[in-house]
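FYI, side chains are in, hydrogens and waters are out, and symmetry mates aren't considered; it's all heavy atoms of this structure.
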Amino acid sequence: MVLAKVWSVALRGVDGVTVEVEADIGGGKPGTHIVGLPDAALNEAKDRVRAAVRNSGLRWPDQLVTLALSPADLHKSGSAYDLALAVAVLIADGKVPAEPFAGTALVGELALDGRLRPVRGVLPRLLAARRAGHTLAIVPIPVLAEAALVPDLTVRGARHLADVVAWATDIPDALTAPSATSACPTDPPPDLSDVVGQPEARWALEVAAAGGHHMLLSGPPGTGKTMLARRLPGLLPPLPREQALEITAIHSAAGDLPADQPLITVPPFIAPHHSASIPALVGGGAGLAKPGAISKAHNGILFLDEAAEFPASRLEALRTALEEGEIRLARRDGVVCYPAAFQLVLATNTCPCAPPKESDCTCTPAARRRYLSRLSGPLLDRVDIRVHMRPSTALSRAPDQEPPEPTATVRTRVAEARDRARHRWSPHGWRTNAEVPGPALRQDHPIPREATTVLDTSLTRGLLTARGADRCLRLAWTLADLDKTSPPTRDHIATALHFRGRHLPTA
């Protein structure tokens, strides 16, 4: 006979699944058993929970304790069920009443002395609990600020198992309510005025920010490729609440959400090292796959510095996500789908020796081809803007030269262009020009035939793929939005082709 029942939440990708935790006492020799497909960490919970209950001043039952987690066919992993297991046993043993825990989700790991420790994925877990109809959640104090992000759900924090017991036995202030204080402000992104020269690259960065286009920066070392890429987040608008919660849930599931900044409001900037593995880039791991760099960059920027140093297999793994905006990963315990709608920025030298002046290159033609061949044609076909940067000729500007524009000035133009695109595509739910599929570009907002003649010529001569033509149209709409004109003109189409024609130098 089931004597107690409480609720916890399992983490499955970036979604949660409510789990019913049942406890039965009696019916055999003293011992503790957990059923319901637990992994090793969860199977060891019986020892953690027993010690935590004893060290909280309570007695563990001297009978057979059977703990069941349902649905029984769902693989359970991790230590987030510890609090629910302990409460279920205490209810079944008559130590605490069951009524306070009706409609309550319990999430947290227990230390041997009864302290509650934080777990990853609190935000997606509690979002699932709210969808399932729960009205209250009890979590460890360190993740209380993250839990408070869930709307329409009352959350309380506990430092110790004894606090939960005291609250359940009619001491309302034993648990901690979320603080009303705001989170620590984030550091401002570096300013665009720091970049010396490179007017064409600065303009290309503005176009990429306005339309959400993928970008390739190539050139000798020290020309400012990385500096420009790191200033792209400052040109983008803050994330809307819905997108902020979405990317926060991904980082929470990955376990790298900062405690002092639980809500991510600035587009993330993820820059993995060129030695990163395929699972580190796209996601992976045993059991259920965890998010990779491309999912952590969702609604933000994925920056691959020294892109030609990445093995070709790593770069090719990005192609599907670039088109679909999500990644599906199949592992032993099932298939998970992570969002991955990121803006890709590549930066690379033009050869292995990478001299300050390209005319001083000592690489053989074969070495240059081998180096650049890692950036394959299909990958580059998905990159809308390609800019070859030249070495700077002076570190200081001339007295009669105007100072470079700061980030705030450029961000204003980017915001206005994005507003025009959002107004145009809002009936379809698209926010930027880069999201618009080809059929909608050609059917819903066709460009006059005389403006697209140069595009048709490139297709006829085999200089452009059909995908490339669609991407040129998207880029042309962004250029038109920046120019405050509609529809794009022949000059906008030609400029878009010029951006795409910036191939990497070869031998």
Quiz item: Do Leu175 and Ile138 come within less than 4.5 Å of each other through their side chains, counting heavy atoms only?
Solution: yes
Practice problem: Any salt bridge (charged side-chain N to carboxylate O under 4.0 Å, His left out) involving residues 69-92? Give me the pairs, sequence neighbours left out, ordered by first then second residue. | Solution: Arg48-Asp82
Quiz item: Backbone N or O of His75 within a donor-acceptor pair of the Asp333 side chain at under 3.5 Å?
Solution: no
Self-check item: Closest contact, heavy atoms only, Val6 versus Ala88
Solution: CG2-CB, 3.9 Å
Practice problem: Count the heavy atoms belonging to other residues, nucleotides or ligands that lie under 6.0 Å from CZ of Arg331, then report whether that count exceeds 12. | Solution: yes
Quiz prompt | Sequence neighbours excluded - side chain to side chain donor-acceptor pair (under 3.5 Å) pairs with any residue from residues 118-143 | solution = none
Quiz item: Taking 4.0 angstrom as the limit, do Asp15 and Arg12 come out as a salt bridge?
Solution: no
Practice problem: Determine the sole option in Leu106, Val65, Val49 for which the side-chain contact (heavy atoms from CB on, under 4.5 Å) test with Leu85 is passed. | Solution: Val49
Self-check item: Ionic contact status for Glu206 with Arg202, cut-off 4.0 Å
Solution: no
Quiz item: So, Ser252 side chain and Gly121 main chain: donor-acceptor pair closer than 3.5 Å or not?
Solution: yes
Quiz prompt | Rounded distance [0.5 Å steps], OG in Ser376 versus CG in Leu315 | solution = 7.5 Å
Quiz item: Can you name the closest pair of heavy atoms from Phe269 and Ala229 and give their distance?
Solution: CE1-O, 3.3 Å
Quiz item: Below 4.5 Å, heavy atoms only, C-beta onward: do Leu346 and Leu217 meet side chain to side chain?
Solution: no
Quiz item: Looking at CG of Leu318 and CZ of Phe342, how far apart are the two atoms once the value is rounded to the nearest 0.5 Å?
Solution: 5.5 Å
Quiz item: Do the side chain of Arg159 and the main chain of Pro140 share a donor and acceptor less than 3.5 angstrom apart?
Solution: no
Self-check item: Glu242 atom CD, neighbour heavy-atom count above 12 within 6.0 Å
Solution: no
Quiz item: Any donor-acceptor pair under 3.5 Å linking the side chain of Asp39 with the backbone of Leu42?
Solution: yes
Self-check item: Pair Glu323 + Arg467: basic N to acidic O under 4.0 Å
Solution: yes
Quiz item: Roughly how far, to the nearest 0.5 Å, is the CD1 atom of Ile247 from the CG atom of Leu263?
Solution: 11.0 Å
Self-check item: Check: Arg411 side chain, Gly234 main-chain N or O, donor-acceptor pair, under 3.5 Å
Solution: yes
Practice problem: Write down the atom of Pro339, the atom of Ile250, and the distance for their closest heavy-atom approach. | Solution: CG-CD1, 3.4 Å
Practice problem: Just say parallel, tilted or perpendicular for the rings of Trp425 and His428, cut-offs at 30° and 60°. | Solution: tilted
Quiz item: Ignoring hydrogens and geometry, is there a side-chain-to-backbone donor-acceptor pair from Thr169 to Val165 under 3.5 Å?
Solution: yes
Quiz item: side chain to side chain contact (heavy atoms under 4.5 Å, CB included) with Thr412: which residues, sequence neighbours excluded?
Solution: Glu416
Exercise. State plainly whether the residues Asp305 and Lys225 are in salt-bridge range, i.e. N to O under 4.0 Å.
Key: no
Practice problem: Mind listing the closest non-hydrogen atom pair of Thr432 and Gly211 along with its distance? | Solution: CB-O, 3.6 Å
Quiz prompt | Atom pair CG/OG of Leu83 and Ser8 - distance to nearest 0.5 Å | solution = 8.0 Å
Quiz item: What distance separates Glu20 CD from Leu69 CG, expressed to the nearest 0.5 Å?
Solution: 9.5 Å
Self-check item: Qualifying residue, where the test is side chain to side chain donor-acceptor pair (under 3.5 Å) with Asn433 and the options are Arg424, Arg418, Arg420
Solution: Arg424
Quiz item: Which heavy atom in Leu123 sits nearest to a heavy atom in Glu146, and how many Å separate them?
Solution: N-OE2, 2.9 Å
Practice problem: Report yes if the side chains of Arg230 and Thr226 come closer than 4.5 Å at any heavy-atom pair, otherwise no. | Solution: yes
Quiz prompt | CG-CG distance between Leu127 and Asp152, expressed to the nearest 0.5 angstrom | solution = 11.0 Å
Quiz item: Sub-3.5 Å donor-acceptor pair from the side chain of Ser426 to the main-chain atoms of Gly429, do we have one?
Solution: no
Quiz item: Does the gap between the ring centers of Phe101 and Trp167 come in under 6.0 Å?
Solution: yes
Quiz item: Taking the side chain from His214 and the backbone from Leu344, do they hold a donor-acceptor pair closer than 3.5 Å?
Solution: yes
Exercise. Provide the closest heavy-atom pair for Pro272 versus Leu304 in the form atom of the first, atom of the second, distance.
Key: CG-CD2, 3.7 Å
Quiz item: If we only count heavy atoms from C-beta on, is the Trp60 to Thr32 side-chain gap below 4.5 Å?
Solution: yes
Quiz item: Do Ser313 and Glu316 get their side chains close enough for a donor-acceptor pair, meaning under 3.5 Å?
Solution: no
Practice problem: Answer yes or no: is there an ion pair linking Lys46 with Glu44, defined by an N-O contact shorter than 4.0 Å? | Solution: no
